[in-house]
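Heads up, the thing below is written out as structure tokens.
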Protein chains: 2
Amino acid sequence: MAFSRDDEIYSEGEVADYLYKVESGAVRTYKILSDGRRQIGAFYLPGDVFGLEVSDEHQLSAEAISESTILVVKRSALIALAARDPGVARQLWMFTAQALDRMQSHMLLLVRSAQEKVACFLLEMGERLSATEAMELPMSRQDIADYLGLTIETVSRTLTMLQTKSTIALPTSRRIVVRNRAALRRLNA
Amino acid sequence: MAFSRDDEIYSEGEVADYLYKVESGAVRTYKILSDGRRQIGAFYLPGDVFGLEVSDEHQLSAEAISESTILVVKRSALIALAARDPGVARQLWMFTAQALDRMQSHMLLLVRSAQEKVACFLLEMGERLSATEAMELPMSRQDIADYLGLTIETVSRTLTMLQTKSTIALPTSRRIVVRNRAALRRLNA
DNA sequence: CGACGCCTTGATAAATGTCAAACGTCGTGG
DNA sequence: CCACGACGTTTGACATTTATCAAGGCGTCG
């Protein structure tokens, strides 16, 4: 299935009938907090699976960040299959456990300083986009801020500061070149 | 198996050979951050299962918070069993997915204000300890602080403030009476 | 060219952390 | 039984980080 920028894929509270795999593009899952802020739970890039939940309702909403093609699989079919095929069951379990790992790293991120958050984010995206030199971020500053639990201003300032220290370069606002990965890792630590 | 206060159950990086179920007492899993702070990943109370990981290494360390008895199950045995018995596989998946849900709530907690964090924590513990009136917390202020990503002072001040507003009462530092659950829920929101 | 959206920058405010000290409680030993 | 000491908690004064509010720049697309 094809989705355009900001298209809703599913909404919080909706019945979780499907599993999804990103073929191209990028997806964010998020929740709107009572004070109106939006917290992003995760970003999904090509190859990633999302929509896995125990409860039969989605806990977060999902939206396409950019033009995306998403593979959609009926959940009940997969669960039925898993009941018969231990290999599928194992796969299902592995995907859930991977999501758990990612969630845990994200949780550990959220208790750190703004600098550390941004540094970790850049390293994570560098890996996941398998960027050698420059990377083109699919998400806006607002998305990054909501993922890291910061304001857009703090993200912007932190990036500017990293640029000033020549740790990164910002040819355009979406394109980031990591000049000094070691310095980022030090912040990351 | 029996563990005393602050006994290590397993350590980060150790091979994850076992799964654990709390029979009595309480357990915390945690990670020491580079700056020396300790982030608690989760608390486990009687009935809870922990030690589930995809990777064969533990990502966090686990310690008994108080005198505890823990049921220990060989991981490989359970995984082998799951390969033959779809029911067990499903159980295993459910536990992992439940951990994912908990982790997600915890993540959402960490981006909120100190007041909201403490209020959520009290509600969560109230439910999990199935406390009708008063509850006896198994963990110290430091544990709470490290769980919520706050300092011990902020936790203490917030509790004092809630007491001043008569939302809670603190007969002793470990015993908490929720006087006005609705007010907590409002903060929680 | 102009308008709009997104990003950056600046000044100020609010929340939380840090450092320091006092307080209470509990267990120990005189 | 009381005094003392250790440890966990609370409280206070101050520092730092990050958010908020406001304005300006910059690129894109009609």
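Bear in mind that the values here come from a model prediction, so they are computed numbers and not experimental data. Naming convention: chains lettered A, B, ... in sequence-line order (proteins, then strands); numbering from 1 in each chain.
Following rounding to the nearest Å, A:D146 (CG) and C:dC6 (P) show an atom-to-atom distance of 13 Å. Rounding to whole angstrom units, CG of residue A:L137 and P of C:dC6 are separated by 16 Å.
Of the charged side-chain nitrogens involved, at least one lies within less than 4.0 Å of a carboxylate oxygen, so that A:R28 and A:E63 count as a salt-bridged pair. Salt-bridge formation is detected for the pair B:D48/B:R128: a Lys NZ or Arg NE/NH1/NH2 atom is positioned less than 4.0 Å from an Asp or Glu carboxylate oxygen. No salt bridge links A:E67 with A:R5; every basic N to acidic carboxylate O contact stays at or beyond 4.0 Å. Under 4.0 Å is where a charged nitrogen must lie from a carboxylate oxygen, and between A:E153 and A:R157 no such pair does.
Side-chain contact, B:Q163 with B:T167: no donor N or O sits under 3.5 Å from an acceptor N or O. Judged by distance alone, the side chains of A:S24 and A:T69 do bring a donor and an acceptor atom under 3.5 Å apart.
When ring centroids are compared, B:Y20 and B:Y10 come within the 6.0 Å threshold.
Between B:S55 and the options B:E57, B:Q59, B:E53, a side-chain hydrogen bond (donor to acceptor under 3.5 Å, both in side chains) holds for only B:Q59.
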The contact string for nucleotides 7-23 of chain D, one letter per nucleotide 5' to 3', using protein heavy atoms under 4.0 Å with B, S and - for base, sugar-phosphate only and none, comes out as -SSBBBB----SSBB--

Distances under 3.5 Å between nitrogen or oxygen atoms of protein and nucleotides 25-30 of chain D:
none

